[in-house]
Amino acid sequence: MLYLGKYPSCKVHSRLLIAAFFTDYRKKAGEMMVRVILELLRIITIIFVIGMIMGLIIHSIYAIFGITVENTTGGWIVGMAIFPLLYVLYKNRLQFSGFYKNGKQVKLSNRTTAILLCSSVLMLTVAPLFR
């Protein structure tokens with residue numbers, strides 16, 4: 001039992017305050033859990049849908065130049081190059097429009113963004129060499 005004062009009425013008020021806090025906390029925790037699950041489903045959907053679209057665009061660009069990287073090591077490199085692109089897209093744009101709202105959400109720094117984008121472009125450039 002929590003005792004917040006010298007008078008017995010303080011005991012009653014403290015119990016009501018604690019009960020109200022934990023009831024409200026459970027409700028917020030349940031709501032937060034649903035938001036986190038929805039955000040995870042959203043991230044998985046983004047990876048599959050936008051990743052497939054990026055893969056089709058990249059393979060179409062390779063096809064224009066007569067390069068095929070399907071069923072080769074270069075195809076794996078293209079797949080790995082898509083992930084940093086999706087990460088930058090999510091961290092800089094899509095995380096702010098999702099179900100999960102948090103004050104700690106920040107964009108990637110310009111340097112980190114540049115490094116990830118350059119590494120993806122490098123992998124996409126090198127991928128046709130690994131046939």
Side-chain angles (χ1 to χ4, degrees):
M1 170 171 56
L2 182 65
Y3 182 65
L4 296 177
K6 297 179 182 179
Y7 304 103
S9 63
C10 289
K11 289 181 185 177
V12 173
H13 291 294
S14 63
R15 285 182 185 165
L16 291 175
L17 180 66
I18 291 170
F21 172 77
F22 282 116
T23 303
D24 191 42
Y25 178 76
R26 281 189 206 129
K27 184 188 296 184
K28 287 182 182 178
E31 181 181 324
M32 186 62 73
M33 182 64 93
V34 170
R35 288 182 181 272
V36 168
I37 291 170
L38 287 174
E39 187 66 22
L40 287 174
L41 291 174
R42 181 174 174 260
I43 291 170
I44 291 168
T45 304
I46 287 170
I47 288 172
F48 282 117
V49 173
I50 297 178
M52 285 182 2
I53 291 170
M54 285 179 167
L56 288 173
I57 291 170
I58 292 167
H59 284 292
S60 298
I61 292 171
Y62 284 155
I64 290 172
F65 293 110
I67 301 170
T68 58
V69 292
E70 296 169 3
N71 298 326
T72 63
T73 307
W76 282 94
I77 294 173
V78 169
M80 294 306 294
I82 290 173
F83 284 113
L85 295 172
L86 288 172
Y87 182 72
V88 168
L89 177 67
Y90 181 79
K91 286 295 285 184
N92 288 345
R93 298 284 180 202
L94 299 177
Q95 77 172 339
F96 302 109
S97 63
F99 296 104
Y100 181 71
K101 302 291 183 192
N102 188 357
K104 297 178 182 177
Q105 295 173 328
V106 294
K107 289 184 175 183
L108 293 173
S109 68
N110 290 339
R111 183 176 181 195
T112 305
T113 300
I115 289 170
L116 288 172
L117 292 179
C118 288
S119 66
S120 288
V121 169
L122 180 67
M123 283 190 278
L124 291 174
T125 306
V126 171
L129 300 176
F130 291 93
R131 288 192 218 178

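Shown here are the side chain to side chain donor-acceptor pair (under 3.5 Å) partners of Glu39, two or more places apart in sequence or in another chain: Arg42, Tyr90. Qualifying side chain to side chain donor-acceptor pair (under 3.5 Å) partners for Thr112, counting only residues two or more places apart in sequence or in other chains: Ser109.
The hydrophobic clustering, which links ILVMFWY residues whose side-chain heavy atoms are closer than 4.5 Å, places Val34 and Ile37 apart.
Here the options are Ile57, Val78, Thr68, the test is side chain to side chain contact (heavy atoms under 4.5 Å, CB included), and the partner is Tyr62; only Val78 passes.
Note that CD of Gln95 and CD1 of Ile43 are 9.0 Å apart. Values are rounded to the nearest 0.5 Å. One finds the CG atom of Leu40 at 6.5 Å from the CD1 atom of Ile44 (value rounded to the nearest 0.5 Å). Remark: Ser119 OG to Ile115 CD1 distance equals 8.5 Å, nearest 0.5 Å. In this structure, Tyr87 OH and Leu117 CG are separated by 12.5 Å, a value rounded to the nearest 0.5 Å.
When all heavy atoms of Ala81 and Leu85 are compared, the closest pair comes out as O-CG, 3.6 Å.
Residues Ile82 and Ile58 are in side-chain contact: their nearest non-hydrogen atoms beyond the backbone lie under 4.5 Å apart. You'll find the side chain of Val121 reaches within 4.5 Å of the side chain of Thr125, heavy atoms only. Counting only heavy atoms from C-beta outward, the side chains of Leu108 and Leu116 approach each other to under 4.5 Å. Between Lys107 and Arg93, some side-chain heavy-atom pair lies under the 4.5 Å cut-off.
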Extract all donor-acceptor atom pairs below 3.5 Å that involve side chains of residues 46-55 and protein atoms in other chains or at least two apart in sequence.
none

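Environment of CZ in Phe96: crowded, with over 12 heavy atoms of neighbouring residues, nucleotides or ligands closer than 6.0 Å.
Although no hydrogens or angles enter the test, the distance criterion places no donor-acceptor pair under 3.5 Å between the side chain of Gln105 and the main chain of Lys91.
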